[in-house]
Amino acid sequence: MLKVLIADDELSIREGLKCVIDWEDCGFRICGEATNGIEALNKINELQPDLVLLDIKMPGYTGIEVMKQVDTYCTKMGTPKPAFVILSGFSDFEYAKDALNMGAKAYQLKPVDEELLEKTVKEVAEEIHTQRNLVTTSLNVKKHEVKDYLTRLLKYNDCDIPDELLNEKIFSDSDENKYTSLICAMDFFTSEDRKSELLKAIKENFSFFTNVILDIDKNIVVIIKTKNTEAIFNSVKRIVKLFQNKTFICVGDDYCGIEGVLKSYKQAESLQNCLFYFSDVPYVNMKIVSSTEKNPILQTSKIVAEEIPHIVFAIETYDKVKLQSILDKLNDYFHNTNEKPDVVKKNVIYCIMEVRNKLILKYPERDFLENVSDDFLTDILSKKTFEDVSNYLKQILFTFLENFNFNTTESVIVKLIAYLKNNYSEDLKLETLGDMFNCNSAYLGKKFKKYTGVQFNTYLDNIRIDVAKEKLRTTDLKIYQISKLIGFTNTDYFFMKFKKYTGLTPKEYKIQCQDGKRNEEE
């Protein structure tokens, strides 16, 4: 039986976790429990559990701090790391991100969903058994030693080769040879079968090179010793073609010596964030990344905030073309920045929540997350490419939009207002607009006043006068020109309307604005 440790500062939670699922049926026995972070760390080191249910917020150490210390300890001591399932009452983006980045198998909110917990626990058990079988059947002692040394080299910069490994093929004549490091980001593969197939393809395609294959931070790392770098790229292309996957391989440049192994790996590691933005190339390296210029000046969070009112309006008016145009604009902005994947995801989550909240505030009777995942935050965090995140945002916003796929009186008025704001210079009458919106003009006028609080003509006059005021403040257009521009063919009528709504003639208003500007400058 595998061992599980329960760490939570609440007694009721610990007791509940003991009996919420049949642990033996899942292949585990409870080996202990901890009431705070310090006790959890000590018991993990002492009992060496295979799985830890870990509360994110505990006295002493947080769950994230416990995971970090366990990772460091197990790597240095060469002991297996336990799997972690994070528990929390806080549905916070940063907690979820940190836990998943540290390798947590799942992030579950309290109260725990017993079916989801049982499913996760069984998957962990299966994964542990699979890993143990692979280790015992496929690796000999010497290969272990080589891999252990290279892992220490790449993670802790330990460049001194142990004497007993100097004659190993990968290290012999290392000073005269060049090394290239590849990182295959395994997060792009959800199926264990596909991961096994990829590992097999890597072994086959790199069998002509002296190489070592490592598992570091859940990624496959390939260290290759060769003088034929071009052949490496050809092998990488064959592998990617086999899987027809998103771009998931980073390739470091080739460098001489053991220090070159580390340098190439660090370079490949630095490219991992770039995988997020590439989906149409077989791999990323420094040459490919440097050829795509980015604009670090753009502030995507500000741009997203500015677009949210336009998104809401496009949804309200069931304007698919406008909504897609906004999404295309956002995609261009995201693509032309140096934003890290987590920042992009955070902005997308913010966009969805803000749009949803504004829609709910205006239309409380509607369900704007119907047919949308209950846990869309985790869904977005799990996306590996910009394309996937962008498509997910589009899917949710268009789901919101479908709430307005009918001609209620309310939606007709919203569309009518949009039409007025864009066509105020035309000769607009309720009779004509009623035909345009398939609605009786008298009924339309009555519902318009109920929705806006004013008569149709008053609302239209206000739009036109607001535009006239803006033109008087910011342009040198003649008054008769402004009158025609906003839809008044009779200038005297424009004068009368302007004074009615502002208390001033157009000329008096313009002079007042100019005097105010001069006073500000003085």
For residues 251-264, dump all side-chain donor-acceptor pairs below 3.5 Å to protein atoms at least two apart in sequence or in another chain.
{"residue": "D254", "atom": "OD2", "partner": "T229", "partner atom": "OG1", "Å": "3.1"}
{"residue": "Y255", "atom": "OH", "partner": "Q267", "partner atom": "NE2", "Å": "3.1"}
{"residue": "S264", "atom": "OG", "partner": "S181", "partner atom": "N", "Å": "2.8"}
{"residue": "S264", "atom": "OG", "partner": "D253", "partner atom": "O", "Å": "2.7"}

Charged N to carboxylate O under 4.0 angstrom, K122 versus D25? yes

Residues which pass side chain to side chain contact (heavy atoms under 4.5 Å, CB included) with E354, listed by chain and number, not counting sequence neighbours: I308, Y350, N357, K358

Under 3.5 Å side-chain donor-acceptor pair for N42 and E46: no

Which atom pairs, donor and acceptor, lie under 3.5 Å between side-chain atoms of residues 72-85 and protein residues at least two apart or in another chain?
{"residue": "T72", "atom": "OG1", "partner": "K68", "partner atom": "O", "Å": "3.2"}
{"residue": "T75", "atom": "OG1", "partner": "D71", "partner atom": "O", "Å": "2.8"}
{"residue": "K81", "atom": "NZ", "partner": "D71", "partner atom": "OD1", "Å": "2.7"}

Answer yes or no: is there an ion pair linking E115 with K119, defined by an N-O contact shorter than 4.0 Å? no

With distance as the sole criterion, is a donor-acceptor pair present between the side chains of Y318 and E402 under 3.5 Å? yes

Tell me every residue that passes side-chain hydrogen bond (donor to acceptor under 3.5 Å, both in side chains) with N177, counting only those two or more places apart in sequence or in another chain. none

What residues form a salt bridge (charged side-chain N to carboxylate O under 4.0 Å, His left out) with E65, not counting sequence neighbours? none

Going by side chain to side chain contact (heavy atoms under 4.5 Å, CB included), E118 matches just one of I21, V20, D113. Which one? I21

N-O pairing of K266 and E269 below 4.0 Å: yes

Which of I213, I220, I224 passes side chain to side chain contact (heavy atoms under 4.5 Å, CB included) with L182? Answer is I224

Applying salt bridge (charged side-chain N to carboxylate O under 4.0 Å, His left out) between E127 and each of K105, K218, K195, report the one that passes. K105

Can you list everything that forms a salt bridge (charged side-chain N to carboxylate O under 4.0 Å, His left out) with D22? Sequence neighbours excluded, please. none

Run the side-chain hydrogen bond (donor to acceptor under 3.5 Å, both in side chains) test against N205 and tell me which residues pass, sequence neighbours left out. R238

Using only atom types and a distance under 3.5 Å, with no angle test, would you say the side chain of K225 pairs donor to acceptor with the backbone of S172? yes

What pair of heavy atoms forms the shortest contact from P162 to R152, and how long is it? CG-NH2, 4.2 Å

Rounded to the nearest 0.5 angstrom, the NZ-NZ distance for K340 and K345 is 13.5 Å

Name every donor-acceptor pair, under 3.5 Å, that has one atom in a side chain of residues 29-36 and the other anywhere in the protein, sequence neighbours excluded.
{"residue": "E33", "atom": "OE1", "partner": "R14", "partner atom": "NE", "Å": "2.8"}
{"residue": "E33", "atom": "OE2", "partner": "K18", "partner atom": "NZ", "Å": "2.5"}
{"residue": "T35", "atom": "OG1", "partner": "E39", "partner atom": "OE1", "Å": "2.8"}
{"residue": "N36", "atom": "OD1", "partner": "I38", "partner atom": "N", "Å": "3.1"}
{"residue": "N36", "atom": "OD1", "partner": "E39", "partner atom": "N", "Å": "2.7"}

Pairing residues for D148 by the side-chain hydrogen bond (donor to acceptor under 3.5 Å, both in side chains) criterion, not counting sequence neighbours: none

Taking side chain to side chain contact (heavy atoms under 4.5 Å, CB included) as the definition, give me every residue that meets it alongside L361, ordered by chain and number, with sequence neighbours left out. none

Check this for me, if you would: do K57 and D9 make a salt bridge, where the nitrogen-to-carboxylate-oxygen distance has to be below 4.0 angstrom? no

For S390, all residues meeting side-chain hydrogen bond (donor to acceptor under 3.5 Å, both in side chains), sequence neighbours excluded: N331

Ring pair (Phe, Tyr, Trp, His ring centres under 6.0 Å) contacts in which one or both residues fall within residues 190-216, not counting sequence neighbours: F206-F209

